[in-house]
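Structure record follows, encoded as structure tokens.
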Amino acid sequence: MILTLLKKELTLELRRKSVIAGIGLYLFSLVFISYLTFSLRHNSINAATWSALFWLTILFSVVNSIAKSFIGEKKGLSIYYYSVASPQAIILSKILYNSLLAVILSLAGYLLFTVFIGNPIQDEALFITTLVLSGIGFSSSLSLISGIASKANNSNILMAVLSFPVLISILLMSIRITKNALDGIDRAASYDELLNLLAINCIATALAYLLFPYIWRS
Amino acid sequence: MKNLYKYISVALLVYIHLGGLLLEAPRLNILNETVRALYFHVPMWFGMVLLYSISVYYAIKFLRNPLSDFDLKSVEYANVGTAFGILGILTGMLWANYTWGSPWHGDPKQNGAAIALLVYLAYFVLRGSVDNEEQKARLSAVYNIFAFAAMIPLIFIIPRLTDSMHPGNGGNPGFNAYDLDSRMRLIFYPAVIAWFLIGVWIVSLRVRYRLLQNQLSEN
């Protein structure tokens, strides 16, 4: 069931090319704005600023692209899902699909940053592991929050307000690992943070799995 | 007998104010007399975390058995917890102004506390933007549980990974490391209990007030 739903998400997404293009363009604009505002052709930024800019860009593009996972859906469609699938299958398929989206977005963002702003990362394998882990963490928290926000009025603002405090712990961990990756410190120094990130992911996914049926029922 | 805890909390608070301000406190570098903030600032955080935990407990109870009483209690515990959090931040800023030199210092514990408050302010915004009463209660209960679980790493784990400037962390003098600590503990532990009981008292008053309001609006 999960696989069927996942396949459905993918085909729907590939069919609506404008949505993918929109997300990609959003990411590109964010990167390009940071490039222009810092007038990077003439001067470069230090590593700490690079990491702050990078994570802000990723945060905003991921929040905006995952927000639509429940918010944009039509009322009739969710009634149809309700009758054919269990809520657990729905949330797991959404989390899987959103993780894929978040990881692709982060990698694309990394690529764009490399092209426009430069790539001060010294330990790339560590950094990419962080990107994957934080992508999964973002998607599991945001999928649930998107479900909550979709039931309320002014859901787009609510999405941001509800998600940022929850995401900060993931963000802080990622920034700490990014700092180690920027300095090229020995990997053993980042194991604690990686484990923490993994633990936060597990907590977020488990809670989303347990709590989603209660939102879905209404 | 039912009101016993109220008498206990009042008696303890009188003792804490007299004892906390008049009894001898250890002389520590930089801290000096501000060490007495321990009796008023730190119990606010203990109270906030305890009240939020009870709020989450009622949120879980509500999801298992949707009675509006549980929802009411969950909200009121969150309300009073937030009041404790704001008082904790204010007392902490006052203290930091004299010991660290400025009210906001970017200390990990300070930031964690601010984020905890943000979470619950977002919780109130969520409650404000859903019209249907039953749905409001269910959605906010889900967010309450989720946000509380996401907040725990912030408040309890991250400050321990980095050096905090709080007394007792990262080599700063705290009351544990000194032989006079037993005298402070004699006031500190009752202070935690008393402030928490005061919080519970406020919650019980607010819950009764809200129940009466609901009854009035029904008639």
Side-chain angles (χ1 to χ4, degrees), chain A residues 87 91 137-138 140-173 175-177 179 189-190 192-193 195-218, chain B residues 52 56 59-66 70-71 82 85 106 108-109 111-163:
Chain A
I91 189 71
F138 284 152
S140 48
S141 327
L142 286 172
S143 304
L144 183 78
I145 286 172
S146 160
I148 294 177
S150 69
K151 305 275 189 219
N153 309 329
N154 60 5
S155 18
N156 282 320
I157 292 176
L158 206 57
M159 180 76 195
V161 171
L162 294 180
S163 60
F164 287 158
V166 176
L167 294 181
I168 287 175
S169 53
I170 300 176
L171 212 56
L172 283 180
M173 282 296 154
I175 287 176
R176 200 164 292 168
I177 308 173
K179 195 178 174 307
S190 323
D192 275 358
E193 277 84 4
L195 270 178
N196 271 325
L197 203 54
L198 201 64
I200 294 173
N201 283 358
C202 290
I203 294 174
T205 315
L207 280 171
Y209 178 82
L210 287 174
L211 293 174
F212 184 71
Y214 294 103
I215 327 172
W216 193 231
R217 211 191 287 154
S218 49
Chain B
Y52 281 163
V56 170
I60 295 171
K61 270 190 104 156
F62 176 81
L63 286 184
R64 296 176 68 93
N65 181 14
F70 293 148
D71 179 51
T82 309
K109 282 189 180 173
N111 290 340
I115 292 160
L117 281 180
L118 271 185
V119 164
Y120 277 88
L121 292 178
Y123 167 82
F124 295 124
V125 170
L126 173 66
R127 288 189 69 87
S129 52
V130 186
D131 299 328
N132 180 339
E133 282 295 325
E134 200 236 338
Q135 199 166 42
K136 177 198 284 184
R138 184 130 34 87
L139 290 181
S140 61
V142 167
Y143 184 70
N144 195 348
I145 299 168
F146 190 71
F148 186 79
M151 199 176 82
I152 286 170
L154 275 170
I155 297 194
F156 294 105
I157 302 173
I158 293 180
R160 279 166 183 70
L161 282 179
T162 42
D163 276 348

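Note that the structure is a prediction, hence the values are computed from the model and not measured.
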For this session: Quick one: pull up CG in A:Leu207 and CZ in B:Phe148 and give me the separation to the nearest 0.5 Å.
Result: 11.5 Å

Problem set entry | For B:Tyr120, all residues meeting ring pair (Phe, Tyr, Trp, His ring centres under 6.0 Å), sequence neighbours excluded | B:Tyr52, B:Tyr123

Seminar exercise, completed: ring pair (Phe, Tyr, Trp, His ring centres under 6.0 Å) filter on A:Phe212, not counting sequence neighbours, yields A:Phe70, A:Trp216

Exercise. Does some side-chain heavy atom of A:Leu144 sit less than 4.5 Å from a side-chain heavy atom of B:Val142?
Worked result: yes

For this session: Give the member of B:Val130, B:Leu118, B:Val119 that has the highest number of heavy-atom pairs under 4.5 Å with chain A.
Result: B:Val119

Exercise. Is the shortest heavy-atom distance from the side chain of A:Val161 to the side chain of B:Leu121 under 4.5 Å?
Worked result: no

For this session: Could you tell me whether A:Leu195 atom CG has more than 12 heavy atoms of other residues or ligands within 6.0 Å of it?
Result: yes

For this session: State, with a plain yes or no, whether a side-chain heavy atom of B:Phe146 is found less than 4.5 Å away from one of A:Ile145.
Result: yes

Problem set entry | CD1-CG distance between A:Ile148 and B:Leu139, expressed to the nearest 0.5 angstrom | 6.5 Å

Exercise. Can you list every pair that meets ring pair (Phe, Tyr, Trp, His ring centres under 6.0 Å) and has a residue in residues 141-172 of chain A, with sequence neighbours left out?
Worked result: A:Phe60-A:Phe164

Exercise. Could you give the distance from OG (B:Ser129) to CG (A:Leu162), rounded to the nearest 0.5 Å?
Worked result: 7.5 Å

Exercise. How long is the gap from CG on A:Leu211 to CG on B:Leu63, to the nearest 0.5 Å?
Worked result: 7.0 Å

Exercise. For chain B, which residues of residues 197-205 of chain A have at least one non-hydrogen atom nearer than 4.5 Å to it?
Worked result: A:Ile200, A:Ile203, A:Ala204

Exercise. Does A:Ile215 offer a backbone N or O that forms a donor-acceptor pair with the side chain of B:Arg138 under 3.5 Å?
Worked result: no

